[in-house]
Amino acid sequence: MNKKTRELLRENNLLEEQLGDEYRSVLTDIVVYLRSADITFLRQERIRRDITDMFFDGEQRGDSVRDIIGRDYKSFCDDIIDETPKRNFRQKILSVTGDGCLYLSVLLSLWLAAGAAAFLAGSSDRPYLTMTVGNVVNLAIFLFAAVFLVEFISKNSFRTELLRKPFVWGLTAAALSVGIAAGVFLRAELFTVHIAVAAAVVVLFFILHKIISSREE
């Protein structure tokens, strides 16, 4: 995110800490829900500031959250989101690319850590990592599982009963199991790379994430 957005985020975090428990809990759910909206991060934080100010005023009057925004928190947020300009094509591309670079840097760092640990433990006598078909499959599965969980939790932040449904976590566990099994059984080698090069790639993806995010609103 750019400097203006980062500063607004910092200010909003500090203000939120000053709210009472009831207001802070609801505001957290609202912010999580906003993260799934097709609007820029800057606009999300501006909405967050407006709602925080509303909560501060209501708290001073002795009102409850429902007195201020009604009983249906989701509908309240949806009405605001519908009135807010959506991200344009460029903003969507930047968001998807930036998030993708971050996810890849995290997943590849896990692959790097596993290979480095094997080398240091003496399981491998060469400082090289092997990318197999199984590695590609499980990285892809883990990536999609992470995106699914983030989106699902964000879109259902007001429906906590859904987050406790066995099928959600069962589906996630099944996907992770398939990914792990692919890594174990699909051993066909695609290429090998030196640990130092792999580390440089991980760092490169993270730097790209930071650069792209700095251009987002």
Side-chain angles (χ1 to χ4, degrees), residues 1 32-41 86-157 159-160 162-216:
M1 66 188 72
V32 171
Y33 187 73
L34 287 175
R35 296 301 185 232
S36 67
D38 187 22
I39 57 180
T40 64
F41 200 93
K86 302 299 182 288
R87 292 180 298 177
N88 58 36
F89 180 75
R90 174 183 175 276
Q91 291 166 335
K92 289 179 180 180
I93 291 297
L94 286 175
S95 178
V96 171
T97 306
D99 289 346
C101 287
L102 177 61
Y103 289 139
L104 282 173
S105 69
V106 172
L107 291 173
L108 289 175
S109 66
L110 295 176
W111 173 67
L112 170 63
F119 172 70
L120 293 174
S123 299
S124 173
D125 57 356
R126 298 191 309 156
Y128 284 86
L129 303 179
T130 301
M131 178 66 75
T132 66
V133 173
N135 292 144
V136 174
V137 171
N138 64 32
L139 286 173
I141 290 175
F142 292 163
L143 176 61
F144 282 110
V147 172
F148 167 77
L149 274 180
V150 170
E151 284 293 309
F152 184 84
I153 292 172
S154 182
K155 289 180 180 297
N156 294 283
S157 62
R159 304 178 64 188
T160 54
L162 281 181
L163 304 181
R164 294 191 292 267
K165 292 290 185 180
F167 85 91
V168 176
W169 302 106
L171 182 63
T172 303
L176 295 179
S177 297
V178 171
I180 293 172
V184 172
F185 295 108
L186 301 179
R187 305 300 300 171
E189 296 184 6
L190 297 176
F191 59 85
T192 59
V193 61
H194 195 280
I195 287 177
V197 175
V201 170
V202 170
V203 172
L204 176 61
F205 273 120
F206 184 74
I207 291 174
L208 286 174
H209 160 69
K210 300 298 287 186
I211 292 174
I212 294 171
S213 296
S214 70
R215 297 179 181 274
E216 293 184 71

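Side chains included, hydrogens not; waters and symmetry mates left out as well; all remaining heavy atoms used.
Around atom CZ of Phe148, more than 12 heavy atoms belonging to other residues, nucleotides or ligands sit under 6.0 Å away. Heavy-atom contacts from other residues, nucleotides or ligands closer than 6.0 Å to NZ of Lys86 number more than 12.
Contact of the Leu204 side chain with the Leu208 side chain is registered, since non-hydrogen atoms from C-beta on lie closer than 4.5 Å. Residues Val147 and Phe144 form no side-chain contact, since every pair of their non-hydrogen atoms from C-beta on lies 4.5 Å or further apart. With a 4.5 Å cut-off on side-chain heavy atoms, Ile180 and Phe142 count as touching. Proximity of Val150 to Tyr103: side-chain heavy atoms (C-beta onward) are separated by under 4.5 Å at one or more points. Annotation: side chain of His209 is not in contact with side chain of Ser105 (no heavy-atom distance under 4.5 Å).
Between Tyr33 and Lys155, the closest heavy-atom pair is CE1-O, 3.4 Å. The nearest pair of heavy atoms linking Ile212 to Cys101 is CD1-SG, 4.3 Å. When all heavy atoms of Arg90 and Arg215 are compared, the closest pair comes out as NH2-O, 4.0 Å.
Ser154 contributes a side-chain N or O that, together with a main-chain N or O of Val32, makes up a donor-acceptor pair within less than 3.5 Å. With hydrogens and angles disregarded, no donor-acceptor distance shorter than 3.5 Å links the side chain of Ser95 to the backbone of Gln91. Counting only distance, with no hydrogens or angles, the side chain of Ser213 and the backbone of Lys210 share no donor-acceptor pair below 3.5 Å.
In this structure, CZ on Phe205 lies 11.5 Å from CG on Leu102, to the nearest 0.5 angstrom. The distance from atom CG of Leu139 to atom CH2 of Trp111, rounded to the nearest 0.5 Å, is 8.5 Å. In this structure, CG on Asn138 lies 11.5 Å from CG on Leu143, to the nearest 0.5 angstrom. Thr40 contributes atom OG1, which lies 8.5 Å from atom CZ of Arg87 (distance to the nearest 0.5 angstrom). Between the CD1 atom in Ile211 and the CG atom in Leu94 there is a gap of 12.0 Å [rounded to 0.5 Å]. Remark: Asn135 CG to Leu129 CG distance equals 9.5 Å, nearest 0.5 Å.
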Next on the checklist: Applying side-chain contact (heavy atoms from CB on, under 4.5 Å) to Ile141 and Leu176, what does each step give before you reach the verdict?
Outcome noted: CA-CA 7 Å; Ile141 290 175; Leu176 295 179; 5.5 Å; no
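Looking at Leu110, Leu112, Leu107 one by one, the single match for side chain to side chain contact (heavy atoms under 4.5 Å, CB included) with Val202 turns out to be Leu112.
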